[in-house]
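Numbering of ligands and ligand atoms starts at 1, following listing order.
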Amino acid sequence: MCSGRVDLAFVLRAFANGMDGVFVGGCRLNECNYITHGNYHALNMVLLCKKILERMGLNPQRLRIEFMSAAEGILFAEAMNDFGKKLRELGPLGKGEGLSESDLSSKIQEATTLVPYIKMAKSEKLASHLSKEEGYDELFTREEVDALFREVVSYHIAPDKCQACMICFKKCPVEAIVGGKNQIHVIDQEKCIKCGTCFDACPPRFAAVQKISGEPAPPPIPEEERMIVRKNKEK
Ligand code: SF4
Ligand code: SF4
């Protein structure tokens with residue numbers, strides 16, 4: 001119902017499914033019936049996503065947000081006609097920008113994987129209320145978005161420190177941690193959404209979860225080397 005529910009992941013999914021453009025329609029700014037002002041969230045998400053599209057080599061005009069009331073049918077029709085015309089000018093997604101299908105798909109996939117991290121890293125700006133349209137283009141800069149992708153954090157469990165207490169395993173919201181009783185835990189980087197919960201949850205006396213920025217996490221240790229042999233059990 002509320003444009004604030006339109007997640008960055010939904011927009012990227014539409015593009016991943018081959019849509020040439022995405023239109024988000026919201027209530028007029030400052031006319032939200034609730035205290036949430038979700039339309040500001042939608043606006044900020046769109047502004048961020050436009051910079052992400054630019055970074056991927058896609059034309060940011062493929063994403064548009066307009067604010068209008070439910071009584072403004074003519075305005076809505078005009079906006080949609082204009083958007084349709086713009087998309088026809090831009091051509092099919094990716095082809096219009098000279099990207100190959102595989103290039104396009106890997107770029108969308110890369111951005112989609114980072115959505116939870118991006119939302120956490122930019123949560124403050126995503127919740128802001130811009131008062132003037134002139135500030136739209138400066139809310140998120142191209143450099144800022146480049147840095148987000150370049151300096152993205154990863155989490156890694158140091159095999160020599162992990163004591164298999166299973167706390168992180170139980171707390172990970174997406175079951176990205178592979179482990180078990182007396183098993184050194186490892187993080188499945190494909191599943192990890194970089195929420196940092198394991199980093200905060202690992203007891204300081206173990207401090208086994210490491211935060212890595214700007215470089216990929218080391219590969220997980222082989223499965224056959226994950227068993228922890230406790231000294232008192234050796235006897
Ligand atoms: S960072 Fe979050 S998602 Fe990734 S392994 Fe740790 S708890 Fe799971
Ligand atoms: S919380 Fe720390 S010590 Fe415990 S299983 Fe996870 S990484 Fe290992």
Considering only heavy atoms of Cys165, which atoms of ligand 2 have at least one such atom less than 4.0 Å away?
-> 1 (S), 3 (S), 4 (Fe), 5 (S)
Search all heavy atoms of Glu215 against all heavy atoms of Ser154 and return the closest pair with its distance.
-> O-OG, 4.0 Å
Ala164 heavy atom under 4.0 Å from ligand 2 | yes
protein heavy-atom neighbour closest to atom 3 (S) of ligand 1 works out as Ile193 N, 3.4 Å
Near Val174 (heavy-atom distance under 4.0 Å), the atoms of ligand 1 are 3 (S)
The residue among Arg55, Lys122, Lys51 that forms salt bridge (charged side-chain N to carboxylate O under 4.0 Å, His left out) with Glu144 is Lys122
Which heavy atom of Val174 sits nearest a heavy atom of Lys191, and at what distance?
-> CG2-O, 3.5 Å
What class does the angle between the rings of Phe169 and His185 fall in, given that below 30° is parallel, 30 to 60° is tilted and above 60° is perpendicular?
-> perpendicular
Can you tell me which residue and heavy atom of the protein come closest to atom 6 (Fe) of ligand 1, and the distance to 0.1 Å?
-> Cys198 SG, 2.3 Å
Relative to the heavy atoms of Ile177, which atoms of ligand 1 are at a distance of less than 4.0 Å?
-> 5 (S)
Numbered in order shown, the ligand 2 atoms found under 4.0 Å of a heavy atom of His185 are 5 (S)
Proximity of Ile187 to ligand 1 by residue part, where a heavy atom lies under 4.0 Å = side chain
Cys195, Pro116, Cys168: member with heavy atom nearest to atom 2 (Fe) of ligand 1 = Cys195
Top protein contact for atom 8 (Fe) of ligand 1, by heavy-atom distance | Cys172 SG, 2.3 Å
Does the ring of Phe140 carry Lys125 above it, NZ/CZ under 6.0 angstrom from centre and within 45° of its axis?
-> yes
Write down the atom of Cys198, the atom of Tyr155, and the distance for their closest heavy-atom approach.
-> SG-CB, 4.3 Å
Short list, please: which atoms of ligand 2 are under 4.0 Å from a heavy atom of Gln163?
-> 3 (S), 8 (Fe)
Looking at Val209 and Cys202, what are the two nearest heavy atoms and their distance?
-> CG2-CB, 3.7 Å
Which of the listed options, Cys202, Ala176, Gly196, holds the heavy atom that is closest to atom 1 (S) of ligand 1?
-> Gly196
Under-4.0 Å heavy-atom contact with ligand 2, by part of Met166 that carries it | backbone
What is the ring orientation for Phe83 with Phe23, classed by angle as parallel under 30°, tilted 30 to 60°, or perpendicular over 60°?
-> tilted
Any chance you could lay out the side-chain contact (heavy atoms from CB on, under 4.5 Å) test for Ile52 and Leu8, step after step, and finish with the verdict?
-> CA-CA 10 Å; Ile52 294 173; Leu8 179 55; 4.2 Å; yes
Among protein heavy atoms, which sits nearest to atom 4 (Fe) of ligand 1, and what does the distance come to when rounded to 0.1 Å?
-> Cys192 SG, 2.3 Å
